[in-house]
Amino acid sequence: LQSEDRLAHLTLIRACEAIGAATLSVSETDLRLDQGLRESSDLICADLALHDLPCGRAVRLQTAAVMAGLPAETAPADLAALAVDPADETVLRLFRTSGTTGRPKLISISAASLRGNIYVQLDGRRISGIGGGYVSVYGLNVGSAYITAACALTLGETMRFLDVATLIAEFDALPDFTTVMVPSEAALIASHRAGQGKAARRAGLHVIGMTLPPTLRANLAAHAVTCVQNTYSLSETGRVAHLDEAGTAETIPGVTVRMLADDGTAVPDGKPGRIAVRSPALFSGYYGAGGGNANLVDGWLVTSDIGVMLSPTRFRVLGRSDDMLNIAGTKLAPDAFEAVLRRLPAVTDAALLSVPDGQGVERLLVMLQMADDSQRQAMPAMVTASLPENLGHVSIVFTGPMPRTESGKLRRAELRESWLRHVQAGVGQAGAGQG
C-alpha cells in the first residue's frame, strides 16, 4: 500500500486498520525485486504504473478519486473517525527492517505494539513540553514516520506533511511543532539557520539513527529548536532510551534494559554484554519467519548491540556484535570510536572500516566527512590519539556524505564495497601514521 500523497496514504492505512487488515508500504523497486513480497500480498494498491508489474491483484490508486470518494465522516480532516480498538494480538502494520545485517525482514506491529509505541513516544512530548503540531518529513513506509503520525493523531495534534526544503523555508512561520529527522538532514537545518544568524525557536526535534555529534547538537540548540532529543531506538521496540550529550542512555519509563552473555545469563554492571530490551512497544515477531524469532525470549528482545550497564536505568551502547571489526587480530567495536571522532573539530561524520592491505591482512580505514578543510592537516594526530594503541597501520580518507538507511544507520558493508572498488580503480590511501 503506497501513495505519494502522504495524507491519502495515512487515511488508507487507518481505514485498513479499522477493518483489521494489516498493511505494508514499500517502493516499486521492492516489489519488482522481491518475488516473495509480491506473492504474499493479497492486494497491492499504489500510485504506480503497475500494468507491467508481475503480481496477481494490483490496483492503481487515483488519489484524488480515492479521497473524494471517502464518506464525510471519514474525511481526512477528521482521521480520528477511523480510530479503532482492536484486540491486542491483531497485526495492524508491517515494516521492513533496514537490511544492514542481510536480507530485510518484515516486522509485525500488533495493536498492542502500536499502543506501546505511542506510550513511549509520549515521554518525548513530556520532556519537550511542546504539543499541538507535528511535522512529518518522511514517507509512511518509514516505520518511525508512521508511529509518530499515529501518536500525533492520538494526541489530536495538527499534522503537516512537508519535505525538508519546505520545512527549512517555512521554519519560523510554523506554529509550535515537533518533528523527527536523521542527523544528515538535521545538519542541513542547523547549517542553514546558523548561516543566517537565526536563533532557536520554540519547537522540538527528535534525531534518530545515531548518537548526535556534540557540535551538531549544540548548533541545533543554538539556531534551530528549543528542545533537541536523541534516542537509542530499534525497529523492533521503538524508542528505548534518551541519549545525553555524552552518549549515555537513560531508559524511557516503562522500558527495561539489561546485558546478557552469549549463553543468556545476566552480565553484571560495568561488563559488556548483548543489549536485551523489554518494552510495551515490543513487536510481535517477524512476519512469515517460522522459527526465525530466536531473538525473542520470554518477552525480551535480545539485540545484536553490545553495551554496558552503568545503573539500573543507565547504559552505554558500545557497538554491534555483527559490526565488530577484526583489525589484524584485534577486535574493535566501531560505534563508540566513531562517536569520539565526530567530536573532533570540523568533523561532521565518521566511519571505521576493516579493509585488506596488499597482503590480505585487515587494516583500519577511517573515513571522515569534514565541514571545511581547516583541520585536515591536524586530523592524523587527532585520529591517532582517539583510537586504541597497537592497531598497526591506520589510513584516513576524506569523503562526502556516507550512505545511511532511512533511519540513519550507517550502511557499513556498502561503504566498504565502495571503497574497495575505488582501490581496485587505483585510488590510494592516506596513512595516519600509526604503525
Side-chain angles (χ1 to χ4, degrees), residues 97-108 113 209-211 231-241 243 247-252 255-340 351-354 361-362 364 387-391 405 407 409-413 416:
T97 63
S98 59
T100 53
T101 58
R103 184 179 177 85
K105 299 176 182 177
L106 293 181
I107 292 175
S108 296
S113 302
M210 61 180 262
T211 303
T231 59
Y232 171 66
S233 306
L234 300 165
S235 300
E236 292 88 346
T237 66
R239 300 186 188 192
V240 173
L243 298 169
T248 301
E250 180 79 29
T251 55
I252 290 170
V255 179
T256 306
V257 169
R258 63 183 182 182
M259 304 299 157
L260 300 178
D262 289 340
D263 62 2
T265 58
V267 172
D269 290 359
K271 300 293 184 181
R274 293 183 67 173
I275 298 175
V277 179
R278 185 194 291 274
S279 169
L282 186 66
F283 77 135
S284 57
Y286 296 109
Y287 182 77
N293 290 306
N295 59 340
L296 278 174
V297 181
D298 297 329
W300 291 82
L301 174 74
V302 182
T303 76
S304 296
D305 291 335
I306 303 297
V308 58
M309 293 301 301
L310 306 175
S311 75
T313 61
R314 297 173 66 250
F315 64 99
R316 184 176 290 277
V317 181
L318 302 179
R320 289 183 64 86
S321 60
D322 47 14
D323 266 353
M324 193 72 71
L325 304 181
N326 189 338
I327 308 298
T330 299
K331 300 295 177 59
L332 185 71
D335 294 56
F337 294 103
E338 288 168 350
V340 171
L352 301 186
L353 303 177
S354 171
V361 177
E362 293 292 317
L364 184 63
L387 296 174
E389 297 179 355
N390 304 318
L391 290 177
T405 68
S407 61
K409 295 180 181 178
L410 184 68
R411 294 187 182 275
R412 201 178 302 277
R416 183 177 189 272

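Not measured: the values here are computed from a predicted model.
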4.5 Å side-chain heavy-atom contact, Ile327 and Leu352: no
If you define the side chain from C-beta out and look only at heavy atoms, does anything of Leu301 sit under 4.5 Å from Asn295? yes
Can you confirm whether Ile107 sits close enough to Tyr286 that some side-chain heavy atom of one is under 4.5 Å from a side-chain heavy atom of the other? yes
Any side-chain heavy atom of Asp335 sitting closer than 4.5 Å to one from Leu410? no
When you compare the side chain of Leu387 with that of Leu364, does any pair of heavy atoms fall below 4.5 Å? yes
If you compare all heavy atoms of Ser284 against all heavy atoms of Ser113, which two are closest, and at what distance to 0.1 Å? N-OG, 3.9 Å
Whether the Arg316 and Thr248 side chains hold a donor-acceptor pair (N or O, under 3.5 Å, no angle test) is what I'd like checked. yes
Leu282 side chain reached by Val277 side chain, heavy atoms, under 4.5 Å: no
Taking every heavy atom of Met309 against every heavy atom of Arg258, the minimum-distance pair comes out as SD-CA, 4.2 Å
Can you list the steps and then say if Val255 with Thr237 is a side chain to side chain contact (heavy atoms under 4.5 Å, CB included)? CA-CA 9 Å; Val255 179; Thr237 66; over 6 Å; no
Taking the side chain as everything from C-beta on, heavy atoms only, tell me whether Arg274 gets closer than 4.5 Å to Ile306. yes
If you compare all heavy atoms of Val257 against all heavy atoms of Met259, which two are closest, and at what distance to 0.1 Å? CG1-CE, 4.0 Å
Can you tell me if Thr303 uses its side chain to pair, donor with acceptor, with the backbone of Ile275 under 3.5 Å? yes
Side chains of Pro388 and Phe337 in contact at under 4.5 Å (non-hydrogen atoms): yes
Measuring from atom CG of Leu325 to atom CZ of Arg412, what distance do you get when rounded to the nearest 0.5 angstrom? 6.0 Å
After noting the C-alpha distance and the side-chain angles of Tyr232 and Asp305, does the key distance pass the side chain to side chain contact (heavy atoms under 4.5 Å, CB included) rule? CA-CA 11 Å; Tyr232 171 66; Asp305 291 335; 2.6 Å; yes
Applying side chain to side chain contact (heavy atoms under 4.5 Å, CB included) to Phe315 and Thr251, what does each step give before you reach the verdict? CA-CA 8 Å; Phe315 64 99; Thr251 55; 3.7 Å; yes
Donor-acceptor contact present, side-chain Thr256 to main-chain Arg278, <3.5 Å: no
